[in-house]
Amino acid sequence: MVPAKPGARSSRAPRALIHRGTPETLRRLARVLRRGGLVAVPTETVYGLAANALDAKACRRIFRAKRRPANDPLIVHVADRRMLARIAEPNDAVDRLARAFWPGPLTLILKRKAVIPAVVTAGLPSVAVRMPAHPLLRRLLRACGLPLAAPSANPFGYVSPTTAAHVQEGLGQAIRHILDGGPCRHGLESTIVDIRDPQRPVLLRPGVITAAQLERVLGGPVRTLVRRRTARPLAPGLLARHYSPRRPLLTHRCITAAMAARGGADEAWICFRKPAWAARAKNIFWLSAGGDPRQAGRRLFALLRRLDRGPWRRLHAELAPADGPGAAINDRLRRAAASR
Ligand code: AMP
Ligand code: MG
């Protein structure tokens, strides 16, 4: 199960198998994982590229397939609290958060146990853990009985995949197996909170679970890591530029004003909600007709990918209302737009 070396294959045709989640294929894919292979898996956030989190060699294959830098640690997915206790040191706050949000799109940074190889955590003493909600991934986790390390199933830095076809497009040559679980329910990566010190939780990455929701459950403030205009990551792997289409992308607070100022026919405009005006123009798109941030989040990456394949010289996107789930959309848009 060695991924293709860049340029090793003459044909550019994708070759990964896309599997339906039948009991038989789940058994087969569990076997692939137990033997140190890679499987792209559906989650409720985005598709992940999974390997046995206890097997350093298997996890190194993830980095090679994605061309992900070794200093960007992986999130480990667990089936249940017992599996969590095998790999990390829980605390009271973890109990409360797990009861409120797991299984679901919340990743916790915890102290790691020695069974987790250093390659998974980029040598850090902490480990990122999540209990995913997607029923197929949960069945696969139980079938193989192993924690699975899984970053998004795309070449490093590109827009995250929210369908099996997206995975095939980006990694079809580098991996053999994709488990198809349909389009992802949330379409944005998990919220990440560092909860090693239960008194001082820190939000490292916004997601569909908002800081306000975390604060309600924890009964105190959650500090947000402030992003400066720098290419240097503030936390491991949190790069200023990420999730980026190949076409240049600009973000705007008010897209109407921006469009009035330039508005070339060879530029595509992504509105947050369906605009009353000009909605028939071929170069105007929207994330959610009614302005629902959850629907907008679910559709963001698929639309960026579609427009990236289109005839557009440049893409423009309107920022979401910044409160609640809009914060996650804006985080991804700003990083997608950050300069190279
Ligand atoms: P993804 O690429 O969506 O799988 O998300 C992985 C991200 O989780 C990394 O880029 C880091 O930002 C974060 N992460 C993973 N492990 C850790 C850790 N031990 N400490 C801090 N952040 C982490
Ligand atoms: Mg990623």
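For reference, positions follow the sequence shown, starting with 1. Not measured: the values here are computed from a predicted model. Order of listing sets the numbers, starting from 1, for every ligand and every atom in it.
Contacts classified as side chain to side chain donor-acceptor pair (under 3.5 Å) and involving residues 97-115 (residues at least two apart or in different chains) are given here: Thr107-Ser190. Screening residues 197-210 for salt bridge (charged side-chain N to carboxylate O under 4.0 Å, His left out) gives no qualifying pairs among residues at least two apart or on separate chains.
At least one side-chain heavy atom of Pro161 sits under 4.5 Å from a side-chain heavy atom of Ser152.
The tally of protein N/O/S atoms under 2.8 Å from the Mg ion (ligand 2) stands at 1.
Nearest-residue assignment for atom 2 (O) of ligand 1 (options His242, Arg68, Lys111, Arg196; heavy-atom criterion): Arg68. Comparing Ala122, Ala128, Ser190 against atom 16 (N) of ligand 1, the shortest heavy-atom distance belongs to Ala128.
Legend: residues meeting ring-ring contact (aromatic ring centres under 6.0 Å, His included) with His186, ordered by chain and number and at least two apart, are absent.
By the 6.0 Å and 45° rule, Arg246 stacks over the aromatic ring of Tyr158.
Every atom of ligand 1 is numbered from 1 in the order shown, and the set under 4.0 Å from a heavy atom of Pro73 is 6 (C), 9 (C), 14 (N), 15 (C), 16 (N), 17 (C), 23 (C).
Nearest approach of Gly310 to Arg247, heavy atoms of both residues: O-NH2, 2.7 Å.
In summary, the side chains of Ser160 and Glu189 do present a donor paired with an acceptor at a separation below 3.5 Å, with no hydrogens or angles considered.
Heavy atoms of Thr121 stay at 4.0 angstrom or farther from ligand 1.
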